[in-house]
Structure formats: structure tokens, C-alpha cells
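For reference, the structure discussed in these notes is given below.
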Amino acid sequence: MTGTTARRTVVSIAVSAALACSTACTGPGGSDDSGGTTGPSGPTRSTAPSASAVPSSRPPALTGASADALRAVERATGRAGSARVESTTVMGRELSLEAAGALGWDDGLTGTLTITYTGGTTAETMRRLGTTAMEARYLPDAYYARMGDEFAERVGGRHWIKYVYEDLEDLGGGAGAGFADQMRNTTPNQAVKLLLSAGDVRRVGAETTRGRRTTHWSGTVGGATEQTVDIWVDDRNLLVKKVERGRTKTGELTQTAYYSDYGVPVSAARPPTEDTADFKELLASQGS
């Protein structure tokens, strides 16, 4: 492999990895018909349905007291508009990471997360690019990922990758549509919507979660793969914790997220234009 070819390959992998890491933080990932996910440069190994995904075959809508309680949670969490988020995600052998920051959802997903790679093959790829952590900024129309200095040296000194959601949707074969939908729509109340589609949803009982009295709910969601969803809700009907579990082609998938400080002010500034490269530009340059 020539030096130029190696450079192009590494940049292409990094562009896909930065997007995959972001969606792993907001939700475990949408699935295609083969049980994998699709990145901007094609299929990647992954995952169970995300909280923003619609199961391929729904059971009858949940009714009764459980449905009323969960819909109250969905409404209260949706109205809160923002929260601080801490999450850990493990996607089999492929990726494990931690994320922390604040996200808002009044007008699409907005906010900033610091993502730290803790293991897996994708994390090793990012480490080879000198990136052990990444800043992710979510705006209503686009997502930005800040890479390390070594990556910037390969792309004309620019540190940020920009992913415009409409451009992701336009990729051939719908490759990026799942990512775009997930990053615009994955908010805490989406986990409740997913749980409302479970045929076996149940109230597990009262538990203490991070020092707060909560009610634990659990259910199983069908789709491309089976997934369990658990949420813990406080006395204000706000999510305190969410756990989603499923299987991927590389092993078990688990995401755990904690929510606090609902209503916290959230901001996400667009990075400087001169320090930003569009993902389409980067991928196009790989073939030139």
C-alpha cells in the first residue's frame, strides 16, 4: 500500500468512526436488514435497534395503568427540554466508550459531549490517529466531531469534521439516513417511546438510583434483533437512568445512561469554518 493510499484509507476510516462513536453515545445504533449498521462509507458491524428506531413488527399498543404511567414520563421528560448526560457504551469487540456533557431537545438535538474511547477495534484506530477523546457538538442541522492533531495534519490542518444531516440522508442506498435520524431524534423520552412498544413491559418496583428514589420499568423490544430496555424514573416522572441491551455481530451491546439537572442551559457553537472539513469533501478526496 502506498503512502497516499494509506492516508486515504485512514481518513476514510476516521470519518466513519467519528460518526459511529457519536451515534453510540446518543443511542446504540440503528440496524439495517442484515443486522449491521451503515456508516457514511458503507456497512459497518453493529447493532440492535436504537431508542429512535421503530421496531419492524409492533405488538398492540400498550394500554392501562402502565401505559398511562409511561406516557406521563414521556411527556414530562420531553417538556424538560435538556439535561446533563453521562453514558457508557460497549459494542462487542468493536467499541467501548464513555461520554459526558449536556444535551437539549427543544428544537432537535443540541449540545456538547466529551467522548472518551476506552476499548475496542474502533478505539484502537482512533488512538493510532492520536485521538483518545473527541468533542462532539450537536446542532439542529449538523453534527461536528473534533479530531486530534495527527488527523488534522492529514487533512490540511483542519480538526473538525462536519456531518450535515441532509447530506447523510442523501447517501446512496440510504446509508446515512439512520445516523441522521438518530442524532436528530434520540432524546431521553425516546427510550420511553420504545418501551411503550414492548409487549411485555412491566413495573419492576421501587429502587434507589444515585441516591434518588426511582421506579424501575423493563421490557423487551423486537425488531432486527431482540433488545431489552430498562428505565428508572423519579417522582417528577423524569428519567434518571436508562439501560439498553442487545446483540451485535461482534458481541453483546450495552448502553447505560444517567440523566440529571433537567432544564440546564445548553449551547453548542459551530466550530471555525477554517478549521472544519465537510465529511463529503473528505470522502470524495479519497477517490481523487
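Counting only N and O atoms by type, the side chains of Arg270 and Tyr144 include a donor and acceptor under 3.5 Å apart. Side-chain polar atoms of Ser96 and Thr118 form a donor-acceptor pair below 3.5 angstrom.
Contact check for Thr88 versus Leu97: no side-chain heavy atoms found under the 4.5 Å cut-off. Lys162 places none of its side-chain heavy atoms less than 4.5 Å from the side chain of Tyr143. Looking at Lys242 and Tyr258, their side chains never come closer than 4.5 Å, going by heavy atoms from C-beta outward. At a threshold of 4.5 Å between non-hydrogen side-chain atoms, the residues Leu70 and Val201 count as touching. Using a 4.5 Å heavy-atom cutoff, the side chains of Thr110 and Pro140 are in contact. Residues Val240 and Val233 have side chains not in contact (no heavy-atom distance under 4.5 Å, counting atoms from C-beta outward). The shortest side-chain heavy-atom distance between Trp217 and Thr215 falls under the 4.5 Å cut-off. Val221 is listed as a side-chain neighbour of Ser197, based on a closest heavy-atom distance under 4.5 Å.
A distance-only check finds a donor-acceptor pair linking the side chain of Arg137 to the backbone of Ala269 [under 3.5 Å]. A donor-acceptor contact shorter than 3.5 Å is absent between the side chain of Arg236 and the backbone of Ala76. The main-chain N or O of Thr220 is found under 3.5 Å from a side-chain atom of Asp200 such that the two form a donor-acceptor pair. The backbone N or O of Gly148 lies less than 3.5 Å from a partner atom in the side chain of Thr131, making a donor-acceptor pair.
Residue Arg71 holds its CZ atom at 13.5 Å from CG of Asn189, rounded to the nearest 0.5 Å. Going from atom CG of Leu139 over to atom CG of Leu109 covers 9.5 Å, rounded to the nearest 0.5 Å. Glu150 CD to Arg127 CZ: the interatomic distance, rounded to the nearest 0.5 Å, is 14.0 Å. A distance of 6.0 Å separates CH2 of Trp105 from OG of Ser82, quoted to the nearest 0.5 Å. The distance from atom CG of Asp141 to atom CD of Glu166, rounded to the nearest 0.5 Å, is 8.0 Å. Within the model, atoms OG1 of Thr276 and NE2 of His159 stand 10.5 Å from one another, a figure rounded to the nearest 0.5 Å.
A search for salt bridge (charged side-chain N to carboxylate O under 4.0 Å, His left out) contacts involving Asp230 returns Arg245, not counting sequence neighbours. Residues passing the salt bridge (charged side-chain N to carboxylate O under 4.0 Å, His left out) test with Asp261, sequence neighbours excluded: Arg84.
Between Ala80 and Leu238, the closest heavy-atom pair is CB-CD2, 4.2 Å. A pairwise comparison of heavy atoms in Val229 and Leu194 identifies CG2-CD2, 3.7 Å as the closest pair. Of all the heavy atoms in Ala145 and Met134, the pair that sits closest is CB-SD, 3.6 Å. Taking all atoms of both residues into account, the shortest heavy-atom contact from Leu282 to Phe151 is CD1-CZ, 4.1 Å. Across all non-hydrogen atoms, the minimal contact from Ala136 to Ile115 is CB-CD1, 3.8 Å. Closest heavy-atom contact between Gly219 and Leu195: N-CD1, 3.4 Å.
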Lys241/Leu239 under side-chain contact (heavy atoms from CB on, under 4.5 Å): CA gap, chis, key distance, verdict: CA-CA 6 Å; Lys241 179 182 177 182; Leu239 254 67; over 6 Å; no
side-chain contact (heavy atoms from CB on, under 4.5 Å) evaluation trace for Trp232 with Val243: CA-CA 9 Å; Trp232 288 257; Val243 176; 3.7 Å; yes
Trace of the salt bridge (Lys or Arg N to Asp or Glu O under 4.0 Å) decision for Glu124 with Arg93: CA-CA 11 Å; Glu124 288 302 316; Arg93 301 184 304 275; over 6 Å; no
Test log, rule side-chain contact (heavy atoms from CB on, under 4.5 Å), inputs Tyr259 and Val85: CA-CA 5 Å; Tyr259 304 96; Val85 182; 3.9 Å; yes
Test side-chain contact (heavy atoms from CB on, under 4.5 Å) applied to Arg75 and Thr77, step by step: CA-CA 6 Å; Arg75 290 191 297 270; Thr77 302; over 6 Å; no
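Hydrophobic cluster membership differs between Val90 and Tyr117, with clusters built from Ile, Leu, Val, Met, Phe, Trp and Tyr side chains linked at under 4.5 angstrom. Transitive grouping of hydrophobic side chains (ILVMFWY, heavy atoms separated by less than 4.5 Å) brings Tyr262 and Leu103 into a common cluster.
Taking a 6.0 Å sphere around CG of Asp68, one finds it holds more than 12 heavy atoms contributed by other residues, nucleotides or ligands.
In summary, of the residues considered (Glu281, Glu274, Glu153), a salt bridge (Lys or Arg N to Asp or Glu O under 4.0 Å) with Arg158 occurs for Glu281 alone.
Ion pairing between Asp278 and Lys280 fails under the 4.0 Å rule for side-chain N and carboxylate O.
The aromatic rings of Phe279 and Tyr163 lie parallel to each other, with less than 30° between the two planes, well short of the 60° mark.
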